[in-house]
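See structure below.
Note that the structure is predicted; figures quoted are calculated from it, not measured.
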Amino acid sequence: MYGGEPAGGSGRWKVVGIVAAAAVIVGGGLGVAAATTSESGSSASAGTVSCPTVADKLPAAPAAAQAEVTRNLAQLNTQIAEANNRIANSVGQGGPNFVQNAILGPLADKRAATIDRIRIAFNRQGVVVSGLDGLDTCSLASGGGAAAPAEPTDVPPAAGGNGNGGNADGGNADGGAAAVGTISCPSVADKLPAAPAAAQAEVTRNLALLDTQIGEANNRLVSTVGQGGPNFVQNAILGPLKSKRDATIDRIRIAFNRQGVVVSGLDGLGTCAVSSAS
């Protein structure tokens, strides 16, 4: 009997030891879970990309460069939206330099190429643009604040010719373009509620696309002066533009709907008109 007691006591101590070890493991597991929750919760404060604006560094754009400049300014917005989406979807990935190497670095390369296309668009019309160096580099703004405002895509048109006044034919074309007018469309961004984080990139991308579509339509308006009959602009430019805008606005509406936000007041915003030149 005496010899059996230690064995029983030893068994009890083993049980106690196992329970204690289990408690430590469970506690450690809870600690991991808490850390994981904290880490996933940090996605709300992952931050957003902050980039220097470009449009306000540009001179008035010659008519022949307007569409190209507008299209590339809109592309800058698209690139920022894609980078923000990548940041939100990659929280916790990589090491301490992940955002710089995988997001901000490639973004700088894309922006440099886009800004260079803007510079070239001006140069082709005899306008030298300075002050654009360094605008490709972006940083990560800490989370908790509002997203940086979108890059403006409207550049004032240059008065008179496009810098090619020495060419008689080019001068005539420019003079005609000045009297063509421009596409005027209802604004969309100011009709939208605040975008949920999960919809932000899609909404920004499609708002930028609306600007691109207007730029392309204006370019078509200028390059087709004198073509077709009295309904040419409506049938060949404004009609197709409306179809594109309706589809783009619908994608914006769907992006909100997917996050449980119903957006109203967007009907009719696809229709544009030609404003007479001043």
Side-chain angles (χ1 to χ4, degrees), residues 28-29 31-58 68-123 129-153 155 189 194-212 215 248 251-252 255-256 258-259:
V32 172
T36 303
T37 302
S38 174
E39 184 175 352
S40 64
S42 68
S43 63
S45 59
T48 55
V49 171
S50 176
C51 303
T53 55
V54 177
D56 57 352
K57 314 298 190 305
L58 300 176
E68 179 69 10
V69 171
T70 298
R71 181 162 50 248
N72 281 288
L73 287 173
Q75 184 63 29
L76 292 174
N77 280 330
T78 300
Q79 292 163 357
I80 292 174
E82 290 172 346
N84 278 326
N85 193 42
R86 176 88 169 112
I87 287 172
N89 292 334
S90 59
V91 173
Q93 294 184 17
N97 297 320
F98 175 81
V99 171
Q100 178 59 48
N101 296 336
I103 300 176
L104 294 182
L107 175 60
D109 293 338
K110 293 177 184 178
R111 283 177 59 85
T114 304
I115 292 170
D116 198 46
R117 288 195 294 271
I118 292 173
R119 196 194 318 258
I120 291 170
F122 277 94
N123 288 349
V129 182
S130 59
L132 301 185
D133 295 338
L135 299 184
D136 55 329
T137 303
C138 304
S139 60
L140 185 65
S142 60
E151 172 74 53
T153 57
V155 178
Q200 187 77 47
E202 179 71 9
V203 171
T204 301
R205 181 163 49 248
N206 281 288
L207 286 174
L209 183 56
L210 290 174
D211 287 331
T212 300
T248 304
R251 287 195 294 272
I252 292 173
F256 277 94
R258 284 176 178 155
Q259 306 308 317

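Within the 4.5 Å cutoff, no side-chain heavy atoms of R258 are placed close to those of E202. In this structure, the side chains of L76 and C51 stay at 4.5 Å or more apart for every pair of heavy atoms.
When every heavy atom of R111 is checked against every heavy atom of I80, the shortest pair comes out as NH1-CD1, 3.9 Å. Nearest heavy atoms, A255 versus Q259: O-CG, 3.6 Å. Closest non-hydrogen pair, R86 versus A102, comes out as NH2-CB, 4.4 Å. Taking each heavy atom of I252 and L210 in turn, the nearest pair found is CD1-CD1, 4.3 Å. Across all non-hydrogen atoms, the minimal contact from T70 to D211 is CG2-O, 3.7 Å. Of all heavy-atom pairs between L140 and L104, the closest is N-CD1, 4.1 Å.
A distance-only check finds no donor-acceptor pair linking the side chain of N84 to the backbone of T48 [under 3.5 Å]. N85 places no side-chain N or O within 3.5 Å of a backbone atom of A81 that could act as its donor or acceptor partner. With hydrogens and angles disregarded, no donor-acceptor distance shorter than 3.5 Å links the side chain of K110 to the backbone of P106.
Partner of T114 under the side-chain hydrogen bond (donor to acceptor under 3.5 Å, both in side chains) criterion, out of R71, Q75, Q79: Q79 alone.
For the residue pair R251 and T248, a side-chain donor N or O sits within less than 3.5 Å of a side-chain acceptor on the partner.
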